[in-house]
Structure formats: structure tokens, C-alpha cells
Amino acid sequence: MQEVRTRFPPSPTGYLHIGGARTALFNWLFARHHKGKFILRIEDTDVARSSKEALEGILEGLRWLGIDWDEGPYFQSQRIGIYGEYADRLLRTGKAYWCHCTPEDLEERRKLALARGDKPKYNGRCRDLNLERAHNAVIRFRSPLSGKTVVEDLIKGSVSFDNEELDDLIILRSDGYPTYNFAVVVDDITMNITHVIRGDDHLNNTPRQILIYEALGFPTPKFAHVPMILGSDRTRLSKRHGATSVLAYKEMGYVPQAMINYLVRLGWSYGDQEIFSMDEMIDKFSLDNIGKSSGIFNPQKLLWLNSHYIKEGSPYHLAKELLPFLRKKGYPVEDLNYVTKVVMTLQTRSKTLVDMANAAEFYFKEEITFEKKAAKRFLSPEMREVFQMLINGLHGLYPFDKVMAEKVFRDIQTKTNLSMTAFAQGVRVALTGTTVSPGLFEVMEVLGKERVLHRLEKAIEYIEAGD
RNA sequence: GGUCCCAUCGUCUAGAGGUCUAGGACAUCGGCCUCUCACGCCGAAAACACGGGUUCGAGUCCCGUUGGGACCGCCA
């Protein structure tokens, strides 16, 4: 059995978007599942639109997701000679020809055809003129005028195209650079790609590519066209539908496992299973379980998965991921141990790392400020004495942990006959400044005796000042 | 306009002719739990686009209609 080789060929003209990431993931999973190779190829033949920044972003996105590659990145811009050779071969065998038509000319004819309601195909003006190479000339592929080309697709099944629908596409531009349909074929041939897994927006290109394979005398790889991801209005996913850049989600506090898990289940399924580890995905992934219909990107489910992975994740690992978000808020924390404990109290309460960083603020502030409404309601005069009792009770406590703290707290509560809610909320506001926080006793334990006592004292001062 | 693809709850999907009074998940709405907020647990509402066939029997096969999408560049 031949080694499976798949590839992901982004064009460095923009960021890594959701759809591209899923395509990369499917290719990667397929290669990993079959113990094959996953190749990264940069399709940068559009010199004007390609940029280094876009390339960096794409690579960063892939790395963040944990999609690694075995070969590459190869750059098409560094392989110009190869495309030239293959184009020559077609020229020599009469499968391609020089065309002198100007872009302006073509544009005009295209408009005319469209206006007439015709398919805007190249009319073959230079096809049989036997022209020579010339300045600004391009090479066109001599596409058969009749017959059918059938794509045996692993997902869509057998799809048939009439060759007369296809026209003589340009394979080498006047600047000597190859065009997409030609470059992919030459690359996939020379890189020994066995399976081409890509969006079904490419299905219409496939017969042209198959014809080029045939003209060149090479067997075609297996094709698998996966349905596209659409926006909520069922049109091609774009910025209009919200963030579509993978890295944007990183910045919004999403963890990579959530994104990966979301992506893999969009279009692919394994029975009723929703949660997959990377290893499970690799183990279970198969083209057979990919659906045929397009899917709609659903940010809410992504968010749910994110909260799931935050809930289930290792606190230490999450703490490390949280650091940049804390830093961004002005807390350049060093003590990873402390952050880990903080994370443990926040895992079930945060859907994103941004949420978590926000909710964690009170753990890192030197002096907390009381939310006005909360203070008015819960830092009432009668709490002054209660806080003092609590201070006295906690003062000599050892060890200072949540079990011990709760005992002290309960004692005072029964003694004073205060309602649990009033007491707890009062202390909560004193310690965190707000009415919403993790469980009171875990907060005390994480904060530590010193901070707790200090904050209670500050709360007493606040109440006294208000009298 | 032409070509191609697609069609199960709002969304992602399970379903490979009888086990479907159509299952799961997200979201939504109730309830329970509770020191707040969450988590969790329990429950509810919610779909086979339509019309013809084939078959003893169709969500599942075929055809058509409708609807949606993609592609038609010296972009990828």
C-alpha cells in the first residue's frame, strides 16, 4: 500500500480562516490516521497579493491549533522553473499553445458574453494559429472540445462534466508565473500527493485539473471535496458573519482544543460523539463519515466546547494560557502556582480565557474597590461587628483552608443568627468587591489569611466611614 | 445566464428499506441543587422541503419541483 500524502496549500493573501483551518485539519487527520505525510505548500504565485505577514499569521494559526507538517512549507514562487518545464512539455506535445490575446480584449469579450447570457468562455481565437512565444503572450491549455470528464469523488461520488463546458484556460501567465489550476497539478504530481481533500468550491475546477493530469500523462490523485462552511445567512462565510480568523478566536480567549473539536464535528461525525481528544480524532477520522451538505458556522457551539475544555482542562496548563490575558489587563503575574489555584476556582465559571481574566481580577488587585450597588446593599452597618468576629475567628486559624474557614464562618453565622445569604454576600463584597464570585471559602483559601484579614479590615473602615 | 453540488429539529448531526411513536449535542424554555454566579442533574418544546414513482413496506432507492450554495479571472 502506497504511503498516504496529503497537503494544505494556503495562499498567503489573508489570515487563516475557519474554513481553511478545517480543510487543514481534515488533511492532517487523514494523513495521521493512515500514518502518512502531511505537506504544507504556500501558493504564492499571486505576487501582488501575497504578504509575509499573512504567511506568518497562517503558520501561527496552524501551530496554535497543533497541526504540524512533515514537509514544507514549499513555496510555489521558488518552483517557477518546474512549472515552465511542464508547460513546455505540453507545448511540445501540442497540448498547449501560445496565446496573444490581451487582457483587455478578453475582458471585453467576457462582458459581452455575460451580457448575452452566454457562458463567458475563451473563444479559442489563438488555439489553432500556431503562434510563437512573444512579449506578454500566455500559454493556454488545449482543452478537448467534446467528451466527458468524470470526477470520482470520495465524498460526492461520481460527478460528470461535459468537456465542451470547459475552455482553454491559461496555464502560464505573461510574467512566467503559473496559474492556480496548473500549479496545483504540477505540485501535486511532483510532491506525490495521493489524496486531495479540499472545499467543494473546487469541485468545478477538478475536471480541468484532471484533463491536465491526462495531458501530462500522470495518474490523478484521489479527490475528496468537503462541503463548505457557510455563515448564518447560508452564504459563504465572511467577515460579515463575525470573526472568521482562527487567531481572532485565540485572542478572544478560546483554547485550541475547542476550536479543533468544533471544526472536526462540522461536517464530520462519529455516531453521537461530540467530544474528541486529538488521539481519538486521529483514530476515528475517516472520509466515509463526512456529510455532503454544507454546514453553518455556529459560534454558540464553539463557545460551549470552549467552556467544556476550560472546565475539564488541567489548571496548571490553563494558568499558563491565562497569563497573557492577565498581562493585557495590567497584571504581569509571575507566581504560576497562585494562578493555578485561581484558575481552579474559575474553571466552571468561565467560557473563555477573557472571561476568566475578568473574573480573576480581584485575586490580583492590591486594593479592591467595592462595587457601589453591592456595597450599599451588603456592607451595611450591622456587618461591621460580624466582620470583626470573623477577623477574630480567622486570625489564629491554622491551617487556613476552606474547610477551616467554613467552620469559623458557620459558627459566627449561628451565633449572630444572620441569614446565610446576607452574611455570605457581605463577606463576598468585602473580599471581592462584587456580589458574584467563586465559592466564598475557596476564595478565602486562595487569597490566603493575610489578604482576607486585610480586606475585612478595609471593609470595616469603609462601613465606618459611611456612618 | 450556464455548469456542478446539496436538502432530517433554529444550528451541528445519528439514521446505510422494516428495530423511527426519528436518537444525540448546542441554543431556547421550565424545575431541582445552592453562600452569589456558575457547574451539575431532571424535564419540555423543536425536524425527515414538496410531488410523483419503486416496494408488502421509504427519512432511507429513482424521477421531478422548489429552495439553497459554489464555480464560471493572466485570484487561489
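Not measured: the values here are computed from a predicted model. A, B, ... follow the sequence lines: proteins, then strands. Residue 1 opens every chain.
With hydrogens and angles ignored, the 3.5 Å screen pairs no side-chain donor or acceptor of D162(A) with any backbone N or O of E164(A). A donor-acceptor pair under 3.5 Å is absent between the side-chain atoms of S269(A) and the main chain of G271(A), judged by distance alone.
Under 3.5 Å, the side chains of Q347(A) and E312(A) contain no donor-acceptor pair of N or O atoms.
Sorted by first and then second residue, the salt bridge (Lys or Arg N to Asp or Glu O under 4.0 Å) pairs with a member in residues 74-84 of chain A read R79(A)-D187(A); sequence neighbours excluded. For the salt bridge (Lys or Arg N to Asp or Glu O under 4.0 Å) condition, the pairs that include at least one residue of residues 252-268 of chain A, sequence neighbours left out, are R265(A)-E274(A). The stretch residues 416-441 of chain A participates, sequence neighbours left out, in these ring pair (Phe, Tyr, Trp, His ring centres under 6.0 Å) pairs: F409(A)-F423(A), F409(A)-F441(A).
Within the nucleic acid shown, R110(A) comes within 4.0 Å of sugar-phosphate atoms alone, with no base atom in reach, counting heavy atoms only. Across all strands, H225(A) comes closer than 4.0 Å to no nucleic acid atom at all (heavy-atom distances). Within 4.0 Å (heavy atoms only), N205(A) reaches at least one base atom of the nucleic acid. At the heavy-atom level, T434(A) lies nowhere under 4.0 Å from the strands shown. Within 4.0 Å of T235(A), counting heavy atoms only, lie sugar-phosphate atoms of the nucleic acid but no base atom. Using a 4.0 Å heavy-atom cutoff across all strands shown, C101(A) reaches at least one base atom of the nucleic acid. Within 4.0 Å (heavy atoms only), V159(A) reaches sugar-phosphate atoms of the nucleic acid but no base atom. Residue contacts shown for T179(A) are limited to sugar-phosphate atoms, with no base heavy atom under 4.0 Å away.
The partner of A14(B) is absent, by the rule that a Watson-Crick or G-U pair needs both atom distances under 3.5 Å. Using N1 to N3 plus N6-O4 or O6-N4 for Watson-Crick, or N1-O2 and O6-N3 for G-U wobble, each under 3.5 Å, C50(B) pairs with G64(B). Nucleotide C9(B) is matched to nothing when pairs are restricted to Watson-Crick or G-U wobble geometry with both distances under 3.5 angstrom. For A45(B), there is no paired nucleotide, since no Watson-Crick or G-U wobble pair has both relevant distances below 3.5 Å.
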Got a list of side-chain donor-acceptor pairs under 3.5 Å for residues 177-184 of chain A, not counting sequence neighbours?
unit_1	atom_1	unit_2	atom_2	d
T179(A)	OG1	I170(A)	O	2.6
Y180(A)	OH	H202(A)	ND1	3.0

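Between A70(B), C74(B), C5(B), one nucleotide has an atom nearer to the side chain of L203(A) than all others, and that is C5(B).
Using a 4.0 Å cut-off between charged side-chain N and carboxylate O, D233(A) and R240(A) make a salt bridge. Ion pairing between D44(A) and K52(A) fails under the 4.0 Å rule for side-chain N and carboxylate O. Ion pairing of R7(A) with D188(A) is present here, as a side-chain N (NZ or NE/NH1/NH2) and a carboxylate O approach within less than 4.0 Å.
Nearest-nucleotide positions on RNA chain B place F161(A) closer to the 5' end than the other of L230(A) and F161(A).
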How would nucleotides 6-17 of chain B be written as a contact map, 5' to 3', with B for base contact, S for sugar-phosphate-only contact and - for no contact, using protein heavy atoms under 4.0 Å?
-> SS---BBSS---
With the sugar-phosphate defined as primed atoms, P, OP1 and OP2, and the base as all remaining atoms, what B/S/- string results for nucleotides 33-44 of chain B, 5' to 3', for protein heavy atoms under 4.0 Å?
-> --BBBBSS----
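For the P atom pair drawn from A27(B) and C12(B), the interatomic distance equals 15 Å after rounding to whole Å.
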